[in-house]
Amino acid sequence: MNGVTPWQEKYLANDTPWDKGEASPGLVDFLNSRPLAPGSVCVPGCGLGHDARAWAARGFQAVGVDFAPAAVEAAASRALAERNAARFSCADFLRDTPSMEFDWVFEHTCFCAIQPEQRADYVRAVDRSLKPGGRYLAVNYLIPDVQGPPFGTSREELLERFSGTFKLREEWMPRSYSNRTYLELMMLWEKRRA
Ligand SMILES: C[S@@+](CC[C@H](N)C(=O)[O-])C[C@H]1O[C@@H](n2cnc3c(N)ncnc32)[C@H](O)[C@@H]1O
């Protein structure tokens, strides 16, 4: 992936209104409230890396993936400055072979950032990034927008797209950034074993 995507340009221009300077509140609450076995996690479309750092701070081997080199460089610098063990990789999550099979994939504002016609590719990418029995934890953005990014989705679409490959374990409305309150739905899926 070259360095001239619209996303890369946004990061270079410091025009990143989606970035709230902190991890998703729903993820923070999840990590603080659950007894979780140590493991590995992939964070696709990780941006500046707040979510990946939150997983790493909780003891996970966290790898943030983004195809915008400026985001990956900034995320790696922040992790270094905070002595946080999260690692970052510049790759196309939809096309590139994952570096390993992970225990977890964590979604937050990547699914709504890609073109809707790429969503089947996204589901396949989550599938190949996970071990059998691995968990897909998603903060979904339930907005109606068809002009994006962000592109909206619905609970119905998510059930239809993910139910074939994954089994839904839990869903709940999380605590959110103030401008996304009541617009997010968290879902915890388990990859079906062959
Ligand atoms: C809306 S931003 C969200 C960033 C981060 N998750 C956050 O919440 O701050 C979407 C991110 O997805 C990245 N992205 C979009 N398509 C991607 C792809 N195919 N592979 C890897 N990263 C991608 C963009 O570069 C951008 O950093």
Side-chain angles (χ1 to χ4, degrees), residues 1-31 41-56 62-79 82 84 86-100 102 104-130 136-143 145 147-153 161 174-181 183-187:
M1 181 57 62
N2 65 31
V4 293
T5 65
W7 293 105
Q8 167 74 349
E9 288 173 0
K10 291 269 192 190
Y11 284 106
L12 288 175
N14 214 15
D15 178 17
T16 56
W18 58 84
D19 186 273
K20 307 302 180 197
E22 59 181 90
S24 163
L27 173 63
V28 172
D29 290 351
F30 181 85
L31 293 175
V41 59
C42 173
V43 182
C46 63
L48 300 182
H50 311 300
D51 298 317
R53 293 200 309 281
W55 282 95
V63 179
V65 174
D66 204 293
F67 66 10
V72 170
E73 284 163 25
S77 296
R78 284 174 192 224
E82 292 180 19
N84 179 289
R87 291 187 292 113
F88 295 92
S89 167
C90 193
D92 185 335
F93 179 68
L94 302 181
R95 292 166 189 253
D96 294 338
T97 303
S99 56
M100 59 185 281
F102 294 85
W104 294 77
V105 170
F106 175 66
E107 155 62 35
H108 174 217
T109 57
C110 184
F111 186 81
C112 69
I114 60 174
Q115 297 296 314
E117 56 269 25
Q118 295 178 302
R119 287 179 173 177
D121 291 338
Y122 179 95
V123 176
R124 280 190 287 274
V126 174
D127 183 21
R128 68 172 173 260
S129 299
L130 279 174
Y136 172 58
L137 178 66
V139 179
N140 303 292
Y141 198 19
L142 299 190
I143 52 173
D145 305 36
Q147 304 288 331
F151 296 99
T153 188
R161 286 195 181 276
R175 186 169 63 89
S176 300
Y177 303 125
S178 59
N179 68 330
R180 297 184 196 164
T181 300
L183 297 176
E184 292 183 324
L185 174 68
M186 285 189 75
M187 287 176 156

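Starting from 1, each residue takes its place in the sequence as its number. Indexing begins at 1, ligand by ligand and atom by atom, following the structure's order.
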**Study point:** Region of Leu48 that comes within reach of ligand 1 [heavy atoms, distance under 4.0 Å]
**Key:** neither
Review point. Which part of Pro150 is near ligand 1, with near meaning a heavy atom under 4.0 Å away: side chain, backbone, both or neither?
Key: neither
Revision key, fill the gap. For Leu94, the atoms of ligand 1 under 4.0 Å from one of its heavy atoms are 19 (N)
Practice item. Considering only non-hydrogen protein atoms, determine which one is nearest to atom 20 (N) of ligand 1 and report residue, atom name and distance to 0.1 Å. Key: Phe93 N, 2.9 Å
Check your understanding: Considering residues at least two apart in sequence or located in another chain, which fulfil the ring pair (Phe, Tyr, Trp, His ring centres under 6.0 Å) criterion with Tyr11?
Key -> Trp18
**Study point:** Where ligand 1 meets Ile114 - atom numbers and elements under 4.0 angstrom, heavy-atom basis
**Key:** 16 (N)
**Study point:** Identity and distance of the protein heavy atom lying nearest atom 10 (C) of ligand 1
**Key:** Thr109 O, 3.4 Å
Review point. For ligand 1, does Ala71 get within less than 4.0 Å through its side chain, its backbone, both, or neither, judged by non-hydrogen atoms?
Key: neither
Check your understanding: Does Ala91 come within less than 4.0 angstrom of ligand 1, counting non-hydrogen atoms of the residue?
Key -> yes
Point to revise | Closest approach of any protein heavy atom to atom 22 (N) of ligand 1, naming residue and atom | key: Phe67 N, 3.2 Å
Check your understanding: Does CG in Asn14 sit with more than 12 non-hydrogen atoms of other residues, nucleotides or ligands closer than 6.0 Å?
Key -> no
Exercise for review: Among all protein heavy atoms, pick out the one at the shortest distance from atom 9 (O) of ligand 1; state its residue, atom name and that distance to 0.1 Å.
Suggested key: Trp18 CD1, 3.4 Å
**Study point:** Top protein contact for atom 19 (N) of ligand 1, by heavy-atom distance
**Key:** Asp92 OD1, 2.8 Å
Review point. What are the atoms of ligand 1, with element, lying closer than 4.0 Å to any heavy atom of Ala113?
Key: 10 (C)
Review point. In terms of residue, atom name and distance, what is the protein heavy atom nearest to atom 4 (C) of ligand 1?
Key: Gly45 O, 3.3 Å
Review point. Heavy-atom count around Arg119 CZ within 6.0 Å, excluding the residue itself: above 12?
Key: yes
Review point. Under 3.5 Å, is there a donor-acceptor pair between the side chain of Asp145 and the main chain of Gln147?
Key: no
Point to revise | Contacting atoms of ligand 1, where contact means under 4.0 angstrom from a heavy atom of Cys46 | key: 5 (C)
**Study point:** Intermediate values then yes/no, side chain to side chain contact (heavy atoms under 4.5 Å, CB included), Arg180 and Lys20
**Key:** CA-CA 11 Å; Arg180 297 184 196 164; Lys20 307 302 180 197; 3.7 Å; yes
Practice item. Give a yes or no answer on whether the side chain of Gln118 reaches the backbone of Gln115 with a donor-acceptor pair at less than 3.5 Å. Key: yes
Review point. Are the side chain of Asp66 and the backbone N or O of Val72 linked by a donor-acceptor pair below 3.5 Å?
Key: no
Study note, to complete from the structure: atom 25 (O) of ligand 1: closest protein heavy atom, distance to 0.1 Å, is Asp66 OD1, 2.6 Å
Review point. Is ligand 1 under 4.0 Å from a heavy atom in the side chain of Trp7, in the backbone, in both, or in neither?
Key: side chain
Practice item. Inspect the contact between Asp127 and Arg124 and indicate whether a charged nitrogen and a carboxylate oxygen are less than 4.0 angstrom apart. Key: no
Practice item. Check each atom of ligand 1 against the heavy atoms of Tyr11 and keep those under 4.0 Å away; list them by number with element. Key: 4 (C), 26 (C), 27 (O)
Practice item. Without swapping roles, check the side chain of Arg95 against the backbone of Asp121 for a donor-acceptor pair under 3.5 Å. Key: no
Exercise for review: Output, in order, the C-alpha distance, side-chain angles, deciding distance and verdict of side chain to side chain contact (heavy atoms under 4.5 Å, CB included) for Phe93 and Ser129.
Suggested key: CA-CA 9 Å; Phe93 179 68; Ser129 299; 3.5 Å; yes
Check your understanding: Mind checking whether Tyr141 and Phe111 have ring centres under 6.0 Å apart?
Key -> no
Exercise for review: Any atoms of ligand 1 less than 4.0 Å from a non-hydrogen atom of Ala68? List them with their elements.
Suggested key: 25 (O)
